[in-house]
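Below is one structure; the comments refer to it alone.
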Amino acid sequence: MKEFSVPMALCDFIPVILFAAAAVILMRDLYNKMSKGAFALFAAGAIDIICAGSLKALYKLLYALGLCDFEPLNAMFFPLQSIGFLLAGVGILAMLIWRQTSKKAPEKASGKALSLTAAAAVPLFKGTMIFVSLMVVGLGLISTVLSILSAKLKKAWVMIFFIVGFVCSLSMGYLSTRDFAQASMNWIAEGVNVAGQGSFLIGALLLHKFGLEQLKLKTGECA
């Protein structure tokens, strides 16, 4: 039995809203600096993260109301969020490194379906560390690039907010390995997540205030 309450579930929407607001501000300010490919990656990643957080909060709300235990919403959170952070990180890094990006069509995997006997013998692998690693890499890229942009705006102190957000997100990765069936762990995670996303939003607002949209990069502006 999971100790979810309606107030807890509603609080879970707060960091999602904070991140969404920060993402919109950054997308507006960075649009003229990104190629179409880089912006698509960043936007797709941000949307993935927002969807992952929203679905997880919805899962908690449905559970707290006693309507249903919609397990797929809970199970998809970590993979969707981790991939989202990686995409957003790669997209914002591409803005600094390449003016134009190109996409390669993914190769289609081929192979024969496993028989029922072989499938039954395949060991269970949750892949938690893989998704944690993707999330850390993506967050690291986003925080690093935004810190570099803070320095370019001669407001290096703003990077403190992105560092705090990164540390809080790392803490969330650690907390995800704990027993979230307990209400106490959920409230701790809620506080850490709100602090991290709030810090990220403050950093984005400050960059916007100090002229991120007008900032000219050495690689040139992209239409």
Side-chain angles (χ1 to χ4, degrees), residues 15-56 76-110 127 130-153 155-156 158-159 161-163 165-166 169-170 173 196-197 199-201 203-223:
V16 178
I17 295 171
L18 294 175
F19 177 83
V24 170
I25 293 171
L26 290 173
M27 283 190 282
R28 289 173 63 89
D29 288 346
L30 299 178
Y31 180 77
N32 61 352
K33 300 168 182 55
M34 290 182 165
S35 66
K36 293 180 179 178
F39 183 80
L41 285 174
F42 183 72
I47 292 171
D48 272 359
I49 297 166
I50 294 168
C51 287
S54 300
L55 293 177
K56 181 61 178 288
M76 70 189 301
F77 166 71
F78 215 1
L80 187 60
Q81 183 191 58
S82 301
I83 294 172
F85 275 119
L86 183 62
L87 289 176
V90 171
I92 200 170
L93 178 64
M95 175 188 68
L96 289 183
I97 298 178
W98 301 289
R99 181 174 179 182
Q100 297 182 358
T101 58
S102 59
K103 295 182 179 179
K104 294 183 179 180
E107 297 180 0
K108 296 182 178 180
S110 60
I130 292 179
F131 296 123
V132 169
S133 299
L134 292 178
M135 185 177 71
V136 170
V137 170
L139 279 167
L141 290 176
I142 294 172
S143 300
T144 300
V145 172
L146 292 178
S147 296
I148 292 173
L149 294 178
S150 300
K152 287 181 177 293
L153 288 169
K155 303 292 181 181
V158 175
M159 69 176 64
F161 293 98
F162 299 118
I163 293 173
F166 180 65
S169 296
L170 289 182
Q197 299 308 326
S199 180
F200 185 74
L201 174 58
L205 286 170
L206 288 173
L207 288 183
H208 176 73
K209 177 183 178 180
F210 294 135
L212 178 59
E213 187 174 6
Q214 290 76 37
L215 177 66
K216 300 291 184 181
L217 299 178
K218 291 182 179 180
T219 51
E221 302 298 301
C222 299

Q.
Between S143 (side chain only) and I163 (backbone N and O only), is there a donor and an acceptor less than 3.5 Å apart?
A.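 Not a single qualifying donor-acceptor pair exists.
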Q) Can any side-chain N or O of K33 pair as donor or acceptor with the backbone N or O of E213 at less than 3.5 Å? A)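 Such a contact is found between K33 side chain and E213 backbone.
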What pair of heavy atoms forms the shortest contact from [X] to [Y], and how long is it?
| X | Y | result |
| --- | --- | --- |
| S199 | G165 | OG-N, 3.9 Å |
| M27 | F39 | O-CE1, 3.6 Å |
| G84 | D48 | CA-CB, 3.6 Å |
| L87 | G45 | CB-CA, 3.8 Å |
| V16 | G53 | CG2-C, 3.5 Å |
| I25 | A204 | CG2-O, 3.7 Å |

(Q) Quick one, L26 with I142, criterion side chain to side chain contact (heavy atoms under 4.5 Å, CB included). Give me CA distance, side-chain angles, the key distance, then yes/no. (A) CA-CA 11 Å; L26 290 173; I142 294 172; 5.6 Å; no
Q. Can you check side chain to side chain contact (heavy atoms under 4.5 Å, CB included) on F162 and L207, steps first, answer last?
A. CA-CA 11 Å; F162 299 118; L207 288 183; 3.5 Å; yes
Q: Could you go through the side chain to side chain contact (heavy atoms under 4.5 Å, CB included) check for V158 and K209 one step at a time?
A: CA-CA 11 Å; V158 175; K209 177 183 178 180; over 6 Å; no
When rounded to the nearest 0.5 angstrom, what is the spacing between [atom1] in [X] and [atom2] in [Y]?
| X | Y | atom1 | atom2 | result |
| --- | --- | --- | --- | --- |
| L215 | N32 | CG | CG | 9.0 Å |
| L86 | Q81 | CG | CD | 12.5 Å |
| I83 | F78 | CD1 | CZ | 11.5 Å |
| H208 | L153 | NE2 | CG | 12.0 Å |
| K155 | L149 | NZ | CG | 15.0 Å |
| I49 | S82 | CD1 | OG | 9.5 Å |

Q: Could you tell me how the ring of F200 sits relative to the ring of F19: parallel (under 30°), tilted (30 to 60°) or perpendicular (over 60°)?
A: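 F200 vs F19 ring planes: parallel.
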Q: Evaluate the side chain to side chain contact (heavy atoms under 4.5 Å, CB included) criterion for residues L93 and T144: first the C-alpha distance (whole Å), next the side-chain angles of each, then the deciding distance (0.1 Å), finally the verdict.
A: CA-CA 9 Å; L93 178 64; T144 300; over 6 Å; no
Q.
A side-chain contact here means heavy atoms from C-beta on lying under 4.5 Å apart; do M95 and V145 qualify?
A.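 Heavy-atom side-chain distance check passes, below 4.5 Å.
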